[in-house]
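Side chains included, hydrogens not; waters and symmetry mates left out as well; all remaining heavy atoms used.
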Amino acid sequence: MSLPWGDRVLSVWWGCAMRKLNRKAGTHRTRRVVLAGVLSGALVVVGCDSGGGGDERGGGDERSAKRGGDTTCDGRLEGTTDITVWFHAGPSGELDTLRGQVKDFNAGQKDVRVELITLPEERPYDELVVSAAASGELPDLLDFDGPNLYNYAWSGKLKPIDSCVPEAVKADLLPSIRKQGTYEGRLWGVGTFDSGLGLYVRPSVLKKAGIRVPSGPDDAWTATELTGILRKLRKEGYEKPFDLRLNYARSGQEWNTYGFAPAVWSAGGDLIDPKELRTAEGFLNGPEAVGAMTTLQNWVKEGLVDPNKDDKAFTGGRSPISWVGHWTYPEFSKAFPDDVKIVPLPDFGRGTVTGMGSWQWGVTAGAVDGDAVWRFLAHLLKPREVLRMSRANGAVPATDSAVELSPRFAEGGAERLFIEQLKSGVARPRSQTPAYPAVSRAFARAFAEIMLDRVPVKAALDKAVRRIDKDLADHQGYPSAGP
């Protein structure tokens, strides 16, 4: 999120730097990696795995990479190339898995040597990326939250990768992965997993109360129908039957946008003008968006929503319906074996809509060799490696070939709905504009004000529109030529 980090840039742990400087002869380069300074001015210590590195470099080819066509990959590798990879410090299963993938890749060939650098989870990852880009210190391969791709591509932090990705690999990617990774008609990023968002329900509870269970997107509950269902469940003894994961909803959190922009879209509104991308006026604060957010707020006001302060509204049996993502399936199904089903989000007027998108990989503008970077990324996209990561983090496999091998997501699997949504167009990417970071911050803040502080909906959305439009004005509407 947007916090001032200052201008100080500090070198990574001295041992890492010395190991890079003493890299054996024959590699293309040695590079020093630095991280953005932290507010306290303390030294940031990051993990370095499997060596890597070359000389400090800037991003002099950033604009040419954007304007001069995609020359990221030419199909040639010469000698041994060291590349550095940044990875956000997420769940331990993700990091341990990626470390294993790096180790196996380095041991299995000699053309490319990968050094994995994990950034501290307690620091805002995007701020580290922005600071490093400003000083020309980005790695060769960058891990980033998918919706930030559009700003990174626009501002010259990334290179397009159409020339790197074979058509067979593109065809194997889920359409949502391709869509999220595309900006202005070019492919700039790919992920090894996607996300799923829906309503988790306990069928036994619903059936006992005489409530129908939707079978798919075509027969999703309407928002009005869901209101009646919640009231009925209250009469059945569930005082606060709905979990909206409000424990995630602190002001500025991405969950707010990822989780609840679909309600705005389903109502016919949007976070920003989807065609011109030049204003949020009349879209985020239009009658459709106001209506959707008012429905959500009314559920809270009526006492139908569990605040979920202990993160156990669903697993503790208090709320038999939970609006949340794929990451909760293992926990929920463990709490209620054979009594968990995933159904679509409610229809607010224009059909059910759901979220999509997760972390992606991109080749940075200053990468030493696009072909070397792609060689490692291609390894991560192999079906076995995609499955390896999705089993570690519970996310949706990014390729059709991996989905077919995954029991939960394959035809008839417990999480098959997520695949259907991602492939049918029910899932929508977050606003594909360089202004997305500002759009998300504004909406996320408004959501928290509406749901937690019960601020009047129209007033909160009007304020969000002003914040977004100010950012657009400050950046001259984000001209396609870049900053």
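In this structure, N393 contributes its side chain and G93 its backbone to no donor-acceptor pair below 3.5 Å. Looking at E137, its side chain never comes within 3.5 Å of a backbone N or O of A133 through a donor-acceptor pair. The closest donor-acceptor contact from the side chain of T399 to the backbone of A402 lies under 3.5 Å. Distance alone, capped at 3.5 Å, is enough to place a donor-acceptor pair between the S155 side chain and the N151 backbone. D140 places a side-chain N or O within donor-acceptor distance of the main-chain N or O of T84, the cut-off being under 3.5 Å. In terms of modelled atom types and a separation under 3.5 Å, the side chain of D306 and the main chain of D243 share no donor-acceptor contact. Looking at S390, its side chain does come within 3.5 Å of a backbone N or O of L387 through a donor-acceptor pair. In this structure, T72 contributes its side chain and I161 its backbone to no donor-acceptor pair below 3.5 Å.
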Just distance, no hydrogens or angles: give the donor-acceptor pairs under 3.5 Å from side chains in residues 373-382, sequence neighbours left out.
{"residue": "W374", "atom": "NE1", "partner": "C164", "partner atom": "O", "Å": "3.2"}
{"residue": "R375", "atom": "NH1", "partner": "D111", "partner atom": "OD2", "Å": "3.1"}

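At least one side-chain heavy atom of V368 sits under 4.5 Å from a side-chain heavy atom of T81. You'll find the side chain of W255 reaches within 4.5 Å of the side chain of F260, heavy atoms only. Inter-residue side-chain proximity for L417 and P344 is flagged as met; some heavy-atom pair is nearer than 4.5 Å. For the pair V85/I117, no side-chain contact is recorded, criterion being any heavy-atom separation below 4.5 Å from C-beta on. Contact of the V439 side chain with the R467 side chain is not registered, since no non-hydrogen atoms from C-beta on lie closer than 4.5 Å.
Residues S163 and D70 bring a donor and an acceptor atom of their side chains to less than 3.5 Å of each other. Side-chain contact check for S358 and S195: no donor-acceptor pair (N or O, by modelled atom type) lies under 3.5 Å.
Note: Y200 and F332 meet the aromatic proximity criterion, with ring centroids under 6.0 Å apart.
Every ring-ring contact (aromatic ring centres under 6.0 Å, His included) that Y478 has, sequence neighbours left out, goes to W154, H475.
Between K170 and D172 there is no salt bridge, since no side-chain N of the basic residue sits under 4.0 Å from a carboxylate O of the acidic one. Remark: R384 does not engage D104 in a salt bridge, criterion side-chain N to carboxylate O under 4.0 Å. A salt bridge is defined here as a Lys NZ or Arg NE, NH1 or NH2 lying under 4.0 Å from an Asp or Glu carboxylate O, and D162 with R186 meets this definition. Classification of R76 and D369 as a salt-bridged pair fails, no side-chain N sitting under 4.0 Å from a carboxylate O.
Heavy-atom neighbours of R202 CZ from other residues, nucleotides or ligands within 6.0 Å: above the threshold of 12.
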Practice problem: Carefully, step by step, assess Y436 and D145 under the rule side chain to side chain donor-acceptor pair (under 3.5 Å). | Solution: CA-CA 12 Å; Y436 180 77; D145 198 6; over 6 Å; no
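Of the candidates R430, K275, R428, R428 is the only one forming a salt bridge (charged side-chain N to carboxylate O under 4.0 Å, His left out) with D270.
Ring planes of F336 and F314: perpendicular class, angle over 60° (limits at 30 and 60°).
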